[in-house]
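A short write-up of the structure that comes next.
Order of appearance sets the numbers: ligands from 1, and atoms from 1 within every ligand.
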Amino acid sequence: MSLRRFTGPLTRNLVRAPGRFGLGQVPERLEPDATTTVVCGYCSTGCGLRIHMRNGEAVNLSADTRYPVNLGMACPKGWEALAPLKSPDRATLPLLRKDGKQKPVEWDEALQAFTAKFKRIIAEHGPESVAFLSTGQIPTEEMFALGSLFKFGMGGIHSDANTRQCMATSHVAYKQSFGFDAPPFTYKDFELSDVLVFVGANPCIAHPIMWERVMMNKNNPKILVIDPRLTETAQAATRHYGIAPKSDLPLLYGIAHVLVREGWIDRDFLEAHVNGYEGFARHVASFTPASVAAATGISAAEIEELAGMIHDGKAVSFWWTMGVNQSHEAVRTAQALINLALITGNIGRPGTGANSITGQMNAMGSRIFSNTTSLAGGRDFLDAGHRREVAEALGIDPARIPAQNSLAYDQIIEGVCEGRIKGLWVIATNPLHSWPDGDKLRAALQNLECLAVQDMYATSDTARLADVFFPAACWSEKEGTLINSERRLGLFKKVSKAPGKALADFYIFRLIAEYWGCADVFANMESPEQAFEVMKRLSAGRPCDFSGIRDYQHIDEKGGIQWPYRGIGADEPQERRLFADGRFYTPDGRAKLLFDPVRPPAEPASPEFPLVLLTGRGTSAQWHTNTRTAKSAVLRKLYPAECYVELHAADAARLGIKPEEWVRVRTRRGAVRARAFIGTTVGLGRIFLPMHYDGVNALTLSEFDPHSRQPSYKHCAARIEKDS
Ligand SMILES: Nc1nc2c(c(=O)[nH]1)N[C@H]1C(S)=C(S)[C@@H](COP(=O)(O)OP(=O)(O)OC[C@H]3O[C@@H](n4cnc5c(=O)[nH]c(N)nc54)[C@H](O)[C@@H]3O)O[C@H]1N2
Ligand SMILES: Nc1nc2c(c(=O)[nH]1)N[C@H]1C(S)=C(S)[C@@H](COP(=O)(O)OP(=O)(O)OC[C@H]3O[C@@H](n4cnc5c(=O)[nH]c(N)nc54)[C@H](O)[C@@H]3O)O[C@H]1N2
Ligand code: SF4
Ligand SMILES: [Mo]
């Protein structure tokens, strides 16, 4: 079948009649001078932002006072969300590498080149020689469309997303412990707890509006922060436990030891709803506070105190983020927190829970519906019945769905390094900045026969290497749904026109399907809203059931809708949590206590590299690789222009380093220049680099949790040198 056939009507329409595929003005459903609520496109809090339009263009925004998530609040990124759209480096045309240089081309040429290159690679090297890496930052409809296109249409097998860098640990931990990837909480729980335990989470910076919800708690709660850094959150806490990096697992087992020893457990709950208590009690027997104190760097008395405060709490909630998820023993650490909630019966009641805070605004959508590592609705590629259900919903032959799991992100990168993977398509993520051991990745990407990148800017580190580049519309320029940290489906609306010939990712995927010759994959989903109908069908009967949602407008009217939502009735409460009945999603309905021996991280400090390097978020005004946030003049004023490294005053004195001095932070893999920020935010022997600056990930280590394959970004050996 010739390629030509599929370059037919769609492209011609595109080139000649820019009214289709989102190239036109705002959709009919919005008046040109409307004010309407759109969910924020940055973090997983999922705040509602009121967009004010004039003549069909978004001109201003304010925080929605009625949206149940943010109640009229927004963080600097939200307030400045429109600025990055207008940046002069927004990509407006596809690019194609010719004679070594990226040249602007029309969509037709770019799409033909992409399909020809990927088809040739598959023809010569088989379906396992191509892969895609996507994101938690596009609507669920687009993720679902992408996974369906690549795997059921183009015949690919391997794909993963930046959610591997972020939420894979929570996904696996919940799935193993609860039977489904199901964060149980609702944001109201921030206000209802009397003890909140934050582990490896810095919500003051990373989830500022969730932190505002904590500040609305009227119970005068105890806020306990477990973090090797004295973060902004730790400074505002009742107690800060500045543990040694990656000593969470022995600490949490030590706390469990005290709870078991004192009989401070909920026996009735355990007997009715949890498996594995006896084994867990035996496991933690050796983790006495005295024995774990040295490893954790805090005293036995502090461990006893922590356990005592958990026991005294009437509604205790446990919250974790990347300090837990990005670790060499991440899944077991997350499960150690889940275990604390289970053995004390702190789950299913207001103000309780073992609660993973999500990162990107739609990482939850990616976890459940992207057809990457699992099939839509939390289904399994290896299950013939599951494959049939997905195929039926899409109206395709089940044989087109691979009966094989994908490689994980790191295995895909390894495949690229070893030359087994020759074609890579990167969508809405910037791995060259965000993946660990960046120099190794750069070399691998340069080795590819075809690197295709799809982004709103052609200037990201990864996009600059692309052989084919597709310009994408972004937040507020397209429609779709997303799922926030508390399982609330929210709505993206098109309130702005994308610049030039940039297209919504959804329609880029549809065009590729046309050019490839597999447009039938989209037969039941010509638009995002039709894709939503397919996903609704696929959610029915699953824990993440949202089949009761009528349509996009319903989500809009309700201020977002949490799953599960089977349409029980209009008076269904606005805020819901899971497991109120003590029934979990495992086959026997009981949760599992899972645990393992403690292991050391791969690269401990050494005489040559005597410091432990931590990385993470720097300010509430910076987002990841800074492609978007750097485009706002307001946000740029809110964060340090130059890379900085936090180090302890005694370490600085020993090295003869003065405040603000330029230094070089070096690990076995690379070095980065940074200004010295000297103080007490990090303990002795530890340093911290914010991930937002160029080159930080040239330093980090390729070490992964064995269950989730999530990178351990927050631990490797480093040294600081004077920058001479
Ligand atoms: N402003 C802003 N907000 C964001 C983002 C952003 O880029 N900028 N990104 C979003 C995304 S995708 C995510 S995933 C979240 C991340 O949100 P967070 O996880 O809250 O942010 P991080 O700074 O990566 O890491 C949190 C803390 O983990 C600590 N930590 C490091 N090692 C350990 C350890 O061994 N044990 C413990 N207990 N703690 C440790 C670090 O010191 C850090 O303070 O933020 C989201 N929100
Ligand atoms: N050292 C260190 N590294 C880390 C972390 C850490 O804590 N420490 N954290 C990790 C975590 S948790 C995460 S989530 C990752 C994030 O890492 P990345 O995903 O690489 O970071 P972003 O800058 O968010 O990249 C998103 C890209 O999508 C583009 N984009 C935005 N909207 C759209 C859209 O609608 N369509 C398309 N096609 N493109 C769009 C943006 O311009 C940007 O280039 O970083 C990880 N890396
Ligand atoms: S807290 Fe998150 S969702 Fe809310 S405005 Fe800020 S970035 Fe957007
Ligand atoms: Mo993340």
Name of the residue among Asn60, Thr37, Asp64 meeting side chain to side chain donor-acceptor pair (under 3.5 Å) with Arg50: Thr37

Strictly by modelled atom types, are Asp89 and Thr459 linked by a side-chain donor-acceptor pair under 3.5 Å? yes

So, does Gly41 sit close enough to ligand 2 that a heavy atom of it is under 4.0 Å from the ligand? no

Looking at Lys478 and Glu142, does any basic side-chain N land under 4.0 Å from a carboxylate oxygen? yes

Logged contact type for Ala428 with ligand 2, heavy-atom cut-off 4.0 Å, is both

Check whether Gln710 reaches the backbone of Thr169 with its side chain - one donor and one acceptor, N or O, closer than 3.5 Å. yes

Could a heavy atom of Asp505 be found less than 4.0 Å from some atom of ligand 2? yes

Between Glu477 and Lys494, is the closest basic N to carboxylate O distance under 4.0 Å? no

Counting from 1, what ligand 2 atoms have a heavy atom of Ala473 closer than 4.0 Å? 34 (C), 35 (O), 36 (N)

Has His433 got any heavy atom lying under 4.0 angstrom from an atom of ligand 2? no

Exactly one of Val38, Val39, Ile209 clears side chain to side chain contact (heavy atoms under 4.5 Å, CB included) with Cys47, and that residue is Ile209

With heavy atoms only and a cut-off of under 4.0 Å, state how Asp455 meets ligand 2: side chain, backbone, both or neither. both

Establish, yes or no, whether the cationic atom of Arg709 lies under 6.0 Å from the six-membered ring centre of Tyr409 and within 45° of the ring axis. no

Rounded to the nearest 0.5 Å, what's the gap from CZ on Phe132 to OG on Ser370? Could you check? 6.5 Å

Does the pair Asp461/Arg442 count as a salt bridge with the N-to-O cut at 4.0 Å? no

Quick one: do Glu603 and Arg668 make a salt bridge, cutoff under 4.0 Å? yes

Does Arg229 make a cation-pi contact with Phe688 (under 6.0 Å, within 45 degrees of the axis)? yes

Counting each atom of ligand 2 from 1 as listed, which ones have a heavy atom of Lys478 under 4.0 Å away? 34 (C), 35 (O), 36 (N)

N/O contact list for ligand 1, threshold under 3.5 Å:
| residue | atom | partner | partner atom | Å |
| --- | --- | --- | --- | --- |
| ligand 1 | 1 (N) | Lys77 | NZ | 3.2 |
| ligand 1 | 1 (N) | Ile205 | O | 3.4 |
| ligand 1 | 1 (N) | Thr619 | O | 3.0 |
| ligand 1 | 1 (N) | Gln622 | O | 3.1 |
| ligand 1 | 3 (N) | Ala206 | O | 3.3 |
| ligand 1 | 7 (O) | Arg617 | NE | 3.4 |
| ligand 1 | 7 (O) | His624 | N | 2.9 |
| ligand 1 | 8 (N) | Gln622 | O | 2.6 |
| ligand 1 | 9 (N) | Arg617 | NE | 3.1 |
| ligand 1 | 9 (N) | His624 | NE2 | 3.1 |
| ligand 1 | 19 (O) | Met322 | N | 2.7 |
| ligand 1 | 20 (O) | Asn202 | N | 2.8 |
| ligand 1 | 23 (O) | Arg617 | N | 2.8 |
| ligand 1 | 24 (O) | Arg617 | NH1 | 2.8 |
| ligand 1 | 24 (O) | Lys714 | NZ | 2.8 |
| ligand 1 | 32 (N) | Lys246 | NZ | 3.3 |
| ligand 1 | 35 (O) | Lys246 | N | 2.7 |
| ligand 1 | 35 (O) | Lys246 | NZ | 2.6 |
| ligand 1 | 35 (O) | Asp248 | OD1 | 3.3 |
| ligand 1 | 36 (N) | Asp248 | OD1 | 2.7 |
| ligand 1 | 36 (N) | Asp248 | OD2 | 3.2 |
| ligand 1 | 38 (N) | Gly200 | N | 3.3 |
| ligand 1 | 38 (N) | Ile226 | O | 3.1 |
| ligand 1 | 38 (N) | Asp248 | OD2 | 2.6 |
| ligand 1 | 42 (O) | Asp227 | OD1 | 2.7 |
| ligand 1 | 44 (O) | Asp227 | OD2 | 2.8 |
| ligand 1 | 44 (O) | Arg229 | NH1 | 3.1 |
| ligand 1 | 47 (N) | Ala206 | O | 2.7 |

Please check if the side chain of His648 supplies one atom and the backbone of Thr680 the other of a donor-acceptor pair under 3.5 Å. no

Could you list which atoms of ligand 2 come closer than 4.0 Å to a heavy atom of Ile138? 34 (C), 35 (O), 36 (N)

Heavy-atom contact check, 4.0 Å cutoff: does Glu142 meet ligand 2? no

Could you see which bit of Thr627 sits under 4.0 Å from ligand 2, with heavy atoms only: side chain, backbone, both or neither? side chain

For the residue pair Trp320 / Asn325, report whether a side-chain donor-acceptor contact shorter than 3.5 Å exists. yes

Which ligand 2 atoms are under 4.0 Å away from a heavy-atom of Ala472? 36 (N), 37 (C), 38 (N)

Which residues and atoms, protein N, O or S only, are under 2.8 Å from atom 4 (Fe) of ligand 3? Cys47 SG

Which of these passes side chain to side chain contact (heavy atoms under 4.5 Å, CB included) with Leu251: Ile226, Val292, Val199? Ile226

